[in-house]
**Q** 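Dropping the structure in here first, questions after.
For clarity, every value in this text was computed on a predicted model and none was experimentally measured. Both backbone and side-chain heavy atoms feed into the values below; hydrogens, waters and symmetry mates do not.
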Amino acid sequence: MTVRTRFAPSPTGFLHIGGARTALYNWLYARKHGGQFILRVEDTDAARSTAESQAIILNGLRWLGLDWDEGPEVGGDHGPYYQSERSAIYESYLEKLQSADLVYEDEGALRFRVPDRDIVVKDVVCGDVSVNLKEQGSRRYDAELKKEVDANPDIVIRRPDGSFIFHFVNVVDDIEMGMTHVLRGEDHLSNTPKHMALYEAFGADVPTFAHIPLNLNPDGSKMSKRSEGANIYDYIDQGFLPSAVNNYMALLGWSSGGDREIYQSLDELVEDFDLSGVNKANSKFDIKKCIWVNAEHIKALDAPAFAEASGPFLEKAGIDTSDARVPAALELARERAEKLSEVPAVLLPIFQDDLEYDRDSVDKVVSKDGIAEVVSTLADYLEKNDDWQGDAIKASIKDAAASIGAKMGAFMLPCRVAATGSTAGADLVPMLEMIGQEKAVARVRAFAEQFLG
RNA sequence: GACCCGUUCGUCUAGCGGUCUAGGACUCCGCCCUUUCACGGCGGCAACACGGGUUCGAGUCCCGUACGGGUCGCCA
């Protein structure tokens with residue numbers, strides 16, 4: 001039997017990291033087993049389900065590289081893939097239940113009679129979970145009264161207005177679409193017995209369930225829309241690589257069993273992915289480690305890929321990406337940019353006309369003894385350099401230092417701050433080379449004038 | 001409140017009865033490399049929630065307690 005998994009998001013105008021990870025696990029599982037990954041849009045809430053909010057999901061998945069074999073814009077033999085278009089199917093499944101006398105009306109809504117026996121969920125991750133719906137559903141907790149009250153254990157499957165409830169459509173769709181494996185968040189584990197009761201009532205095979213642990217905030221609370229790291233689009237905006245996000249998401253709740261931390265691509269993840277490596281316990285989201293993973297991915301990028309990925313960020317900062325110095329400048333940036341959004345800051349001192357001096361950096365340099373002489377000597381030697389490239393530039397700085405009996409080290413920091421505006425930055429000599437002699441000398445002199453005059 | 005799931009360094013995790021004086025990674029700190037900034041290398045801090053069993057032997061199995069999360073909707 002061919003493996004079929006799915007991701008069934010509700011278009012809310014937001015692609016949550018938790019949802020993306022669920023999609024990733026399903027995608028990985030399908031690819032690992034040569035199966036199909038299906039995308040189904042649970043757009044029963046018409047108000048929230050706009051074309052825009054659907055595009056957010058589709059584009060987010062595309063950015064991650066999680067392509068679907070069937071679904072919106074792709075089609076397939078099990079459509080339609082929008083729940084809003086599947087009413088006829090739901091009606092026919094409702095009739096099955098009705099003809100078996102498993103449904104009755106209650107204040108205009110329809111309820112499904114749950115069986116009075118233990119239902120065992122054989123979960124791949126959580127093990128066997130046994131629940132009696134009749135018993136468990138006969139009482140419910142009233143949040144306002146803060147106590148238990150009597151309840152009807154039979155579950156509502158259709159509202160008085162004719163619209164169907166999640167549990168019902170979810171099961172019907174999974175049956176109709178031939179899902180063999182359902183990997184979803186652990187928050188659905190307690191709902192699964194209900195789903196199984198429905199599968200059995202329909203006489204359908206129950207898929208293999210695997211409930212994956214949740215990703216929580218660092219303080220242990222549930223990740224909401226506003227939680228740091230929750231929105232996939234923040235990763236795009238901040239210059240994360242999709243491969244890095246996949247890498248980090250995969251490792252939050254799953255481990256290959258070894259020490260491997262870096263997976264350069266989805267293919268590498270597919271290679272190692274296995275449900276037996278999925279953890280049972282919830283995990284806390286750590287943006288710092290995610291950033292580290294991203295930095296590793298940036299370092300591993302080949303030059304053209306790095307240039308392409310950085311392009312939008314450079315343009316946004318006003319750097320002309322067609323400038324011949326850009327490729328070399330990018331190599332200076334890659335080992336110090338953990339996110340692509342940090343790349344422009346490294347290159348700006350090279351490409352920007354006006355320099356902004358970092359106050360702290362300036363203070364650090366200006367307070368040194370004999371700094372005026374250091375800077376003016378430096379400017380003189382840089383100016384009389386007649387071979388503006390790496391080694392020769394370095395020699396000029398060295399000679400400048402020697403001329404007043406100082407060490408080269410004493411000249412590097414002043415030179416860095418005067419020419420680039422900050423104590424922090426990329427390798428200095430290549431920077432000077434790209435800045436150009438004329439501009440570099442002018443900057444050093446301007447620095448002297450502005451802060452040492 | 002009932003039910004369900006879980007509990008190894010601050011965080012992500014390895015560990016599937018003896019090889020654990022518990023390994024790796026992130027973070028933090030120190031040292032080295034670098035006459036600059038980083039990268040890198042080396043080292044350090046730091047954990048089996050607690051209590052009972054089972055066993056010759058338990059981080060690993062069982063029970064209980066505590067704590068955390070989830071579900072109890074005519075939301076998905």
**Q** With sequence neighbours left out, what residues match A/R443 under side-chain contact (heavy atoms from CB on, under 4.5 Å)?
**A**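 If we apply the side-chain contact (heavy atoms from CB on, under 4.5 Å) test to A/R443, skipping adjacent residues, the hits are A/L355, A/I435, A/K439.
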
**Q** Do A/R334 and A/F306 meet the cation-pi criteria used here (NZ or CZ under 6.0 Å from the six-membered ring centre, within 45° of the axis)?
**A**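 Yes, A/R334 and A/F306 form such a contact.
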
**Q** Counting Watson-Crick and G-U wobble pairs only, both distances under 3.5 Å, name the nucleotide matched with B/C9, or none.
**A**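 Result: none.
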
**Q** With A/V346, which residues qualify under side-chain contact (heavy atoms from CB on, under 4.5 Å), at least two apart?
**A**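 Once residues adjacent in sequence are excluded, the partners of A/V346 under the side-chain contact (heavy atoms from CB on, under 4.5 Å) criterion are A/A333, A/R336, A/A426.
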
**Q** Residues two or more places apart in sequence or in another chain: which of them pass side-chain contact (heavy atoms from CB on, under 4.5 Å) with A/S227?
**A**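 With sequence neighbours excluded, A/S227 shows a side-chain contact (heavy atoms from CB on, under 4.5 Å) to A/N217, A/M223, A/S224, A/A230, given in chain and number order.
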
**Q** Quick one: does NZ or CZ of A/R325 land under 6.0 Å from the six-membered ring centre of A/F351, within 45 degrees of the ring axis?
**A**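 Yes, A/R325 and A/F351 form such a contact.
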
**Q** Contact class for A/K222 (heavy atom, under 4.0 Å): base, sugar-phosphate, or nothing?
**A**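 Answer is sugar-phosphate: A/K222 comes under 4.0 Å of backbone atoms only.
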
**Q** Base, sugar-phosphate, or nothing: which does A/E107 touch, judged by heavy atoms less than 4.0 Å apart?
**A**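 Base: the residue A/E107, judged by heavy atoms under 4.0 Å, touches a nucleobase.
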
**Q** Have a look at A/S221 and say if it touches a base, only the backbone sugar-phosphate, or nothing, with a 4.0 Å heavy-atom cut-off.
**A**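 Nothing: the residue A/S221, judged by heavy atoms under 4.0 Å, touches no strand.
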
**Q** Assign A/N191 to base, sugar-phosphate, or nothing according to its heavy-atom contacts below 4.0 angstrom with the strands shown.
**A**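 Base, at least one base heavy atom under 4.0 Å.
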
**Q** Taking the six-membered ring for Trp, are A/F202 and A/Y93 parallel (under 30°), tilted (30 to 60°) or perpendicular (over 60°)?
**A**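 If you compare the ring of A/F202 with that of A/Y93, the planes turn out perpendicular.
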
**Q** Check the interface with nucleotides 28-34 of chain B: list each N/O to N/O pair with the protein under 3.5 Å, or write none.
**A**
none

**Q** Looking at B/G40, B/U11, B/C74, which one has an atom nearest to any side-chain atom of A/A109?
**A**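 Of the options given, the side chain of A/A109 lies nearest B/C74.
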
**Q** Which base sits across from B/G18 as a Watson-Crick or G-U pair, both distances under 3.5 Å?
**A**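 Check on B/G18: paired to B/C56, both distances under 3.5 Å.
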
**Q** How close or far is atom C1' of B/G40 from atom CD1 of A/I262, stated in whole angstroms?
**A**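 From A/I262 CD1 to B/G40 C1': 15 Å.
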
**Q** How is A/D427 classified with respect to the nucleic acid when contacts are heavy atoms under 4.0 Å: base, sugar-phosphate, or nothing?
**A**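 If one applies the 4.0 Å heavy-atom cut-off, A/D427 turns out to touch a base.
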
**Q** Verify the contact: side-chain N or O of A/R140 to OP1 or OP2 of B/G73, cut-off strictly under 4.0 Å; return yes or no.
**A**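 Yes, within the criterion.
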
**Q** Report the base-pairing partner of B/C74 (Watson-Crick or G-U wobble, both distances below 3.5 angstrom), or none.
**A**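 The base-pairing partner of B/C74, which may sit in any strand shown, does not exist here.
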
**Q** Atom CG of A/D142 to atom P of B/G1: distance rounded to whole Å?
**A**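 Result: 15 Å.
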
**Q** Give none if B/C45 has no partner; otherwise give the nucleotide forming a Watson-Crick or G-U wobble pair with it, both distances under 3.5 Å.
**A**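 WC or wobble partner does not exist here.
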
**Q** Answer yes when A/K289 and A/E261 have at least one side-chain N-carboxylate O distance shorter than 4.0 Å, and no when they do not.
**A**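 Salt bridge present between A/K289 and A/E261.
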
**Q** Want to settle it: does A/K146 or A/D106 sit nearer the 5' end of RNA chain B, counting the closest nucleotide to each?
**A**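 So the residue in question is A/K146.
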
**Q** Among B/U36, B/C12, B/C72, which nucleotide sits nearest the side chain of A/K194?
**A**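 Among the listed nucleotides, the one closest to the side chain of A/K194 is B/C72.
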
**Q** Taking CD1 from A/I157 and C1' from B/A76, how many angstroms apart are they, rounded to a whole number?
**A**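 Distance, rounded to whole Å: 17 Å.
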
**Q** Assign A/N279 to base, sugar-phosphate, or nothing according to its heavy-atom contacts below 4.0 angstrom with the strands shown.
**A**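 Answer is sugar-phosphate: A/N279 comes under 4.0 Å of backbone atoms only.
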
**Q** Of all the nucleotides listed (B/A38, B/C74, B/U36), which has the minimum atom distance to the side chain of A/L413?
**A**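 It is B/U36.
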
**Q** Could you go through A/F447 and A/Y357, starting from their C-alpha distance and side-chain angles, then the distance that decides it, and tell me whether this counts as ring pair (Phe, Tyr, Trp, His ring centres under 6.0 Å)?
**A** CA-CA 9 Å; A/F447 177 85; A/Y357 288 98; 5.6 Å; yes

**Q** Under a 4.0 Å threshold between the charged nitrogen and the carboxylate oxygen, would A/K288 count as salt-bridged to A/E338?
**A**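 Judged by the 4.0 Å cut-off on N to carboxylate O distance, A/E338 and A/K288 do not form a salt bridge.
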
**Q** Syn or anti for B/C50, taking syn as within 90° of 0?
**A**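 Anti conformation here, the glycosidic angle of B/C50 being more than 90° from 0.
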
**Q** Assign each of A/K299 and A/P213 to its nearest nucleotide of RNA chain B by heavy atoms, then name whichever residue's nucleotide is nearer the 5' end.
**A**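 The answer here is A/P213.
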
**Q** Among the nucleotides B/G24, B/A76, B/U35, which one has an atom lying closest to any side-chain atom of A/K407?
**A**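 Of the candidates, B/U35 comes closest.
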
**Q** A/F168 has an atom CZ; how far is it from atom P of B/A76, in whole Å?
**A**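 Answer to the nearest Å: 13 Å.
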
**Q** Under 3.5 Å, which protein N or O atoms sit close to an N or O of nucleotides 2-5 of chain B? Give each pair with its distance.
**A**
unit_1: B/A2; atom_1: O4'; unit_2: A/E148; atom_2: OE2; d: 2.7
unit_1: B/C3; atom_1: O2'; unit_2: A/Q136; atom_2: NE2; d: 2.9
unit_1: B/C5; atom_1: O2'; unit_2: A/E186; atom_2: OE2; d: 3.1

**Q** Touch check for A/A281, heavy atoms < 4.0 angstrom, all strands: base, sugar-phosphate only, or nothing?
**A**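 Since only primed, P, OP1 and OP2 atoms lie under 4.0 Å of A/A281, the category is sugar-phosphate.
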
**Q** How long is the line joining CE of A/M249 and C1' of B/C12, in whole Å?
**A**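 Going from CE in A/M249 over to C1' in B/C12 covers 15 Å.
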
**Q** Base, sugar-phosphate, or nothing for A/G257, non-hydrogen atoms under 4.0 angstrom?
**A**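 Sugar-phosphate: the residue A/G257, judged by heavy atoms under 4.0 Å, touches backbone atoms but no base.
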
**Q** Can you tell me, in whole Å, how much space there is between the P of B/G59 and that of B/C16?
**A**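 Per the computed distance, 13 Å lies between those P atoms.
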
**Q** Is A/K32 close enough and on-axis enough to A/Y29, meaning under 6.0 Å and within 45°, for cation-pi?
**A**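 No.
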
**Q** Base, sugar-phosphate, or nothing: which does A/E261 touch, judged by heavy atoms less than 4.0 Å apart?
**A**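 The answer is base, as A/E261 lies within the cut-off (heavy atoms under 4.0 Å) of a base atom.
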
**Q** Below the 4.0 Å mark, does B/C12 have OP1 or OP2 next to a side-chain nitrogen or oxygen of A/S255?
**A**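 Looking at the OP1 and OP2 atoms of B/C12, neither is under 4.0 Å from any side-chain N or O of A/S255.
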
**Q** Using whole Å, what does the distance between atom P of nucleotide B/U11 and atom CE of A/M223 come to?
**A**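 From A/M223 CE to B/U11 P: 16 Å.
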
**Q** With a 4.5 Å heavy-atom cut-off, do A/K394 and A/L428 have their side chains touching?
**A**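 Side chain of A/K394 against side chain of A/L428, heavy atoms only: no contact under 4.5 Å found.
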
**Q** Test ring pair (Phe, Tyr, Trp, His ring centres under 6.0 Å) on A/Y25 and A/W254; report intermediate values, then the result.
**A** CA-CA 9 Å; A/Y25 281 27; A/W254 168 79; 7.4 Å; no

**Q** Rounding to a whole Å, what distance do you find between A/I212:CD1 and B/G6:P?
**A**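 My rounded result for the distance is 15 Å.
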
**Q** Taking the side chain as every heavy atom from C-beta outward, state whether A/L348 and A/E356 have any pair of such atoms under 4.5 Å apart.
**A**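 When only atoms from C-beta onward are counted, A/E356 and A/L348 do not touch, as no gap falls below 4.5 Å.
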
**Q** Scan A/K147 against the nucleic acid and name what it touches under 4.0 Å (heavy atoms): base, sugar-phosphate only, or nothing.
**A**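 Answer is nothing: A/K147 stays at 4.0 Å or more from every strand.
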
**Q** Categorize A/H211 for me: base, sugar-phosphate, or nothing, with a 4.0 angstrom heavy-atom threshold over every strand shown.
**A**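 If one applies the 4.0 Å heavy-atom cut-off, A/H211 turns out to touch nothing in the nucleic acid.
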
**Q** Does a salt bridge link A/E144 with A/K146, judged by any charged N lying under 4.0 Å from a carboxylate O?
**A**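 Salt bridge flag = no for A/K146 with A/E144.
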
**Q** Polar-atom pairs under 3.5 Å, protein N or O versus N or O of nucleotides 48-51 of chain B: list them with distances, or write none.
**A**
none

**Q** From C-beta outward on A/E42, which listed nucleotide comes closest to its side chain: B/A76, B/U71, B/G23?
**A**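 Nearest listed nucleotide: B/A76.
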
**Q** With sugar-phosphate meaning primed atoms plus P, OP1 and OP2, does A/G253 contact a base, only sugar-phosphate, or nothing at under 4.0 Å between heavy atoms?
**A**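 The residue A/G253 makes sugar-phosphate contact but no base contact.
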
**Q** Using atom CG of A/N132 as one end and atom C1' of B/U71 as the other, report the distance to the nearest whole Å.
**A**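 Rounded to whole Å, this separation is 16 Å.
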
**Q** Classify the angle between the aromatic ring planes of A/F209 and A/H211 as parallel (below 30°), tilted (30 to 60°) or perpendicular (above 60°).
**A**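 The arrangement is parallel - the two ring planes meet at less than 30°.
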
